[in-house]
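The structure appears right after this line, and notes come after that.
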Protein chains: 2
Amino acid sequence: MVSPVYLRIVEDIKKKINSAELKPGDTVPSEKALCDEYGASRMTVRKGLAVLANEGYIYSIPGKGNFVRKPELNKYTIYYDEKNNSINSVDQTKLLEVNIIMPDEKLASDLQITKNKNVIMIRRLFYTDGAPVAYDVKYLLYQKGMPIVEKEIEHATFPEMLSKKVPLFALKKELVIYSAVPGDDIKRYLNIYDGLALLVVEQKLYNTENKPMGLGITYYRGDYIKLQGISE
Amino acid sequence: MVSPVYLRIVEDIKKKINSAELKPGDTVPSEKALCDEYGASRMTVRKGLAVLANEGYIYSIPGKGNFVRKPELNKYTIYYDEKNNSINSVDQTKLLEVNIIMPDEKLASDLQITKNKNVIMIRRLFYTDGAPVAYDVKYLLYQKGMPIVEKEIEHATFPEMLSKKVPLFALKKELVIYSAVPGDDIKRYLNIYDGLALLVVEQKLYNTENKPMGLGITYYRGDYIKLQGISE
DNA sequence: TAGTGGTCTAGACCACCGT
DNA sequence: CGGTGGTCTAGACCACTAC
């Protein structure tokens, strides 16, 4: 068997879609027709169609047929790790502060808690080649038995900080990316004397019930970081 | 039949993974064992496992078994459309220039062409509520028969500009996101008088052979745009 | 050799859609 | 009603892994 029948079906239909022989909205030949065309059983044909559906090429409407999907022109995948990006990576971390605080209005609202709940605040500086490149603040819901071990915190990424408490599979995450002009404190931390801009990345972690578990904000020197996204 | 057997298998195993009863690297019960447990045929069990594999929960090694995958902690999905973002959206577009140019060194290298090839340059301004919010430049490989119709170009997103030439399914795309301080020309275009930072998004489009088809750079006022990414 | 997953068949019954 | 996709079965043969 050179390549499985179902993969040949996949490749053939992909080719037809990529060459515009099949256009978005068109119906793919029916399962019966494909069975005849390839001399295959229906389960084999359906396996091929399932692959195409998973990769976003087609969708099916029961009772009607399989149809070519409109491509997701706006969808990108981005791999973000606060200490690594496409042009540089952090090689040193300095823990500025670990503290338990009471949240202010905005933080309480971001974390969906009341203002009398305890929050762990972690402030760090990231360095590359000895120079400070990012200022990082994390806020984590304080939970009994939460290990606040400085050694563990200093070098951890945000999801890792929760790994003792939550199975990482159960984490939902959200990024918000924007640019800003640094305030005086951040200018001092990052040795910025001129008009350098910041790239700011906010990270929010949620548990499976969509309850916020933590908020992280990382302020990068604009000349340090580029984020990269790719389609597919 | 309340819910299909294969989905019950999926849900049960997901629960075990999310509750850490099954940890990354653990083996999922063998297909035979699941057949017995659910009184189902092997194809049904395999369908359930296929769903879990597609969603990134498990992977399989032929001859050995199915295993729980380490979650992709750094992966986010971002929907980027140069005219829409999570806090605002463009409601007006002004075409500044459409021209055919010869690329300079850097552009020729970005587009992987020689400097004597023609390139279409499109410059636009984006407005929200009457105020300019972004300056946008696109470079497209010039190809014979390429329709340069101003009406089509003025309001199109980048992938749409190529839709006459390339089936959109065949497009690969890449984003690069960074912050910058505006130069004088961009300050003028965007009515920036103070120290406002820019968020810059570069978009590259490739055909299926990974040949660059175009480069787009959009300079957003930092107070205008936030990009948002989500896990899953 | 026994156990695992990968591919495949030739049927079946069901729900849904359109005529 | 006939055609479509959705679910499911009870087998089969294969390649790979581990002992």
Side-chain angles (χ1 to χ4, degrees), chain A residues 1-17 21-72 169, chain B residues 1-17 21-72 169:
Chain A
M1 195 178 315
V2 193
S3 86
V5 178
Y6 80 93
L7 279 184
R8 276 178 30 224
I9 299 177
V10 169
E11 292 312 320
D12 288 353
I13 295 182
K14 269 192 192 175
K15 258 179 219 148
K16 287 182 185 166
I17 293 176
E21 186 179 334
L22 283 172
K23 284 179 272 296
D26 287 359
T27 83
V28 176
S30 77
E31 297 178 357
K32 172 78 170 56
L34 291 170
C35 289
D36 296 346
E37 183 181 343
Y38 289 90
S41 79
R42 205 173 144 223
M43 286 306 264
T44 300
V45 167
R46 282 180 61 74
K47 173 141 188 178
L49 295 175
V51 171
L52 289 166
N54 272 315
E55 297 185 3
Y57 282 84
I58 65 173
Y59 62 96
S60 67
I61 302 180
K64 298 188 76 173
N66 286 284
F67 301 86
V68 178
R69 191 189 290 279
K70 273 205 300 290
E72 284 257 39
F169 242 115
Chain B
M1 194 180 314
V2 193
S3 86
V5 177
Y6 80 92
L7 280 184
R8 276 178 30 225
I9 299 178
V10 168
E11 293 312 319
D12 287 354
I13 296 182
K14 270 192 192 175
K15 257 179 219 149
K16 287 182 185 166
I17 293 177
E21 186 179 333
L22 283 172
K23 284 179 272 294
D26 287 359
T27 83
V28 175
S30 77
E31 296 178 357
K32 172 81 170 54
L34 291 170
C35 289
D36 296 346
E37 183 180 344
Y38 289 90
S41 80
R42 200 167 149 229
M43 285 306 263
T44 300
V45 167
R46 280 180 63 74
K47 172 140 189 177
L49 295 175
V51 171
L52 289 166
N54 272 315
E55 296 184 4
Y57 282 85
I58 66 173
Y59 61 96
S60 67
I61 302 180
K64 297 189 77 173
N66 286 285
F67 301 86
V68 178
R69 190 188 290 280
K70 272 206 300 291
E72 283 257 40
F169 242 114

Proximity to the side chain of A:Tyr6 - top-ranked nucleotide from C:dC8, C:dT9, D:dG6: C:dC8

Closest to the B:Ser41 side chain: D:dA10, D:dG5, C:dT7? D:dA10

NZ (B:Lys70) and OH (B:Tyr59) are apart, to the nearest 0.5 Å, by 7.5 Å

Can you check the [X] [atom1] to [N] [atom2] distance for me, whole Å?
X: A:Ile58; N: D:dT4; atom1: CD1; atom2: C1'; value: 14 Å
X: B:Ile61; N: D:dA18; atom1: CD1; atom2: C1'; value: 13 Å
X: B:Arg42; N: C:dG6; atom1: CZ; atom2: P; value: 8 Å
X: A:Asn66; N: D:dG3; atom1: CG; atom2: P; value: 17 Å
X: A:Glu31; N: D:dG3; atom1: CD; atom2: C1'; value: 11 Å
X: B:Met43; N: C:dG5; atom1: CE; atom2: P; value: 14 Å
X: B:Lys64; N: D:dC16; atom1: NZ; atom2: C1'; value: 11 Å
X: B:Phe67; N: D:dT17; atom1: CZ; atom2: P; value: 11 Å

Hey, mind stepping through B:Arg8 and B:Asp12 against salt bridge (Lys or Arg N to Asp or Glu O under 4.0 Å) and telling me if it holds? CA-CA 6 Å; B:Arg8 276 178 30 225; B:Asp12 287 354; 5.6 Å; no

Per the side chain to side chain contact (heavy atoms under 4.5 Å, CB included) rule, which among B:Leu34, B:Leu49, B:Thr27, B:Ile13 passes with B:Asn66? B:Leu49

Minimum heavy-atom distance between [X] and [Y], given as atom pair plus value:
X: A:Ala40; Y: A:Val45; result: CB-CG2, 4.3 Å
X: A:Phe169; Y: B:Arg69; result: CE1-O, 3.0 Å
X: B:Lys14; Y: B:Leu52; result: CG-CD2, 3.8 Å

Looking at DNA chain C, which of residues 44-57 of chain A put a heavy atom within less than 4.0 Å of it? A:Thr44, A:Lys47

Do B:Ile58 and B:Ile17 come close enough that some side-chain heavy atom pair is under 4.5 Å? yes

Give a yes/no on whether any side-chain N or O of A:Ser60 is located under 4.0 angstrom from OP1 or OP2 of D:dG5. no

